[in-house]
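See structure below.
Proteins come first, then strands; the chains are lettered A, B, ... in the order of their sequence lines, and each starts at number 1. Only a predicted model underlies this, so the values are computations on that prediction, with no experimental measurement involved. Because only heavy atoms are used, hydrogens play no part in the values below, and waters and symmetry mates are left out as well, while side chains stay in.
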2 protein chains.
Amino acid sequence: MKETRLGEFEEVILLLVGILGEEAYAFKIAEEYETQSGRATSIGATHSTLDRMEAKGFLKSEMGNATAERGGRRKRIFTITALGKRVLKESRDFRMSLWSQYPAFADKLNYLGAL
Amino acid sequence: MKETRLGEFEEVILLLVGILGEEAYAFKIAEEYETQSGRATSIGATHSTLDRMEAKGFLKSEMGNATAERGGRRKRIFTITALGKRVLKESRDFRMSLWSQYPAFADKLNYLGAL
DNA sequence: TCATTTGTTACTAAATTGTAGAGTAAATAA
DNA sequence: TTATTTACTCTACAATTTAGTAACAAATGA
């Protein structure tokens, strides 16, 4: 696998980082993944995926400050890089293109305008 | 990983089977993958992915007849099962939902109506 | 100080994806 | 009719991604 490949789990995590913004730290991301996908995940899988994507240059991270909540230790906040955005966009465009070629889905695409 | 997970490569291959219809046999699928994605793949990776998805019940296959071309041996033709379609659809819906929540992409979604 | 909560890091296991190459059958050329 | 070329399938195993689990760290509250 070349260094620019984006796995399915990676892609979803990357999108969640974008969606969560300031709140994009591992624990929250894993939680959000479960809520949105209805699928279980583990904090470990989330962490290794985040680290891998940071190494690939799709994400960057920095430690935030501790909050004054019980157990509120410092969080590592992730943000998408320009490269990460580009890769996400390419992935989306490619998929849109395939869906539009598949008769069973092509018609459904129109209804998307309603989103 | 549970038996219903769909990897990124798997998903694209599944879509290509749908797009190719009668022409959905391993060699052609791999060829089409390279054309459409601009990314290289290998026939071996394609085979193992097709086999795995058949085992999962997303695809079924049967041998076609030999064609009258030089080297035109029998092909194994793949078709998507109902389960395969459902899984594809779920994957698509999930992604659409995420994209619509990500500000950087949400606006682009509207322009999709033009597809 | 000690238990509890919210986090991270590190390590191991399982599933997906990639590589290499052998094997088969039909069409053509000699 | 034998050899060669072309179009394909299939297997074994290696590399990468994803999952699971355990151990550690810092802040709060008793």
Side-chain angles (χ1 to χ4, degrees), chain A residues 1-14 16 20 22-34 37 39-56 58-59 61-78 87 91, chain B residues 1-14 16 20 22-34 37 39-56 58-59 61-78 87 91:
Chain A
M1 291 179 204
K2 299 298 157 49
E3 66 286 346
T4 44
R5 187 163 226 298
L6 191 65
E8 119 96 14
F9 187 61
E10 288 179 328
E11 185 177 354
V12 173
I13 293 296
L14 200 48
L16 287 174
L20 288 168
E22 306 286 312
E23 290 299 301
Y25 57 95
F27 216 83
K28 188 88 164 195
I29 293 169
E31 208 175 69
E32 192 72 6
Y33 179 87
E34 302 206 333
S37 73
R39 206 174 245 150
T41 188
S42 68
I43 186 67
T46 307
H47 266 289
S48 58
T49 299
L50 287 167
D51 290 348
R52 193 164 5 94
M53 289 200 289
E54 184 164 21
K56 284 179 180 175
F58 299 161
L59 287 175
S61 70
E62 53 182 18
M63 297 305 284
N65 291 319
T67 56
E69 302 171 76
R70 182 183 179 94
R73 63 176 293 206
R74 307 185 71 190
K75 293 158 189 156
R76 192 162 155 211
I77 308 294
F78 288 85
V87 168
S91 162
Chain B
M1 290 178 205
K2 298 299 158 48
E3 66 285 346
T4 44
R5 186 162 226 298
L6 191 64
E8 120 95 13
F9 186 61
E10 289 180 328
E11 184 177 356
V12 173
I13 293 295
L14 200 48
L16 287 174
L20 287 167
E22 306 285 313
E23 291 298 302
Y25 55 95
F27 213 83
K28 188 89 165 194
I29 293 168
E31 209 174 68
E32 192 71 6
Y33 179 86
E34 302 206 332
S37 73
R39 208 173 243 151
T41 188
S42 68
I43 185 67
T46 307
H47 265 289
S48 60
T49 299
L50 287 167
D51 290 349
R52 193 165 3 97
M53 288 201 288
E54 184 164 22
K56 284 178 180 176
F58 299 162
L59 287 175
S61 71
E62 53 182 17
M63 295 308 283
N65 290 318
T67 55
E69 300 173 76
R70 183 188 179 96
R73 64 176 297 206
R74 308 184 71 190
K75 292 157 188 158
R76 189 161 158 211
I77 308 294
F78 287 85
V87 168
S91 160

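Atom CG of residue A:L59 and atom CG of residue A:D51 lie 10.0 Å apart, to the nearest 0.5 angstrom.
Residues satisfying the side chain to side chain donor-acceptor pair (under 3.5 Å) test with B:E11, not counting sequence neighbours, are A:R95, B:S91, B:R95. Residues meeting the side chain to side chain donor-acceptor pair (under 3.5 Å) test with A:E23, sequence neighbours left out: none. For A:R73, there are no side-chain contact (heavy atoms from CB on, under 4.5 Å) partners two or more places apart in sequence or in a different chain. Checked against ring-ring contact (aromatic ring centres under 6.0 Å, His included), B:Y25 has no partners two or more places apart in sequence or in another chain. Checked against side chain to side chain donor-acceptor pair (under 3.5 Å), A:E69 has the following partners two or more places apart in sequence or in another chain: A:T67. Residues meeting the salt bridge (Lys or Arg N to Asp or Glu O under 4.0 Å) test with A:E54, sequence neighbours left out: A:R76.
Listed nucleotides: C:dG18, D:dT18, D:dT21. Nearest to the side chain of B:S42: C:dG18.
In this structure, CE of A:M53 is placed 12 Å from C1' of D:dT18, rounded to the nearest angstrom. Rounded to whole Å, atom P of C:dT16 lies 14 Å from atom CD1 of B:I13. The interatomic distance linking B:N65 (CG) with C:dA26 (C1') rounds to 13 Å, in whole Å. Spacing between atom CG of B:L50 and atom P of D:dC10 amounts to 10 Å, rounded to whole angstrom units. Residue B:L6 contributes atom CG, which lies 9 Å from atom P of C:dT16 at whole-angstrom precision. What separates CD1 of A:I29 from P of D:dA19 is a distance of 14 Å, to the nearest Å. Atom P of nucleotide D:dT18 and atom CD of A:E8 are separated by 8 Å, given to the nearest angstrom. Counting to the nearest Å, the C1' atom of D:dG20 and the CD atom of A:E34 are 13 Å from each other.
Within the structure, side-chain hydrogen bond (donor to acceptor under 3.5 Å, both in side chains) contacts touching residues 41-50 of chain B (residues at least two apart or in different chains) are B:T49-B:R52.
When every heavy atom of A:R5 is checked against every heavy atom of A:E10, the shortest pair comes out as O-OE1, 3.6 Å.
Nucleic acid contact class of B:T49 (heavy atoms, under 4.0 Å, all strands): none.
Each end of the helix from C:dT1-D:dA30 to C:dA30-D:dT1 yields a helix axis from five base pairs, and these two axes differ in direction by 10° (to the nearest 10 degrees).
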Review point. Once each nucleotide of nucleotides 5-13 of chain C is scored for protein heavy atoms under 4.0 Å, what B/S/- sequence comes out, 5' to 3'?
Key: BBBBBB---
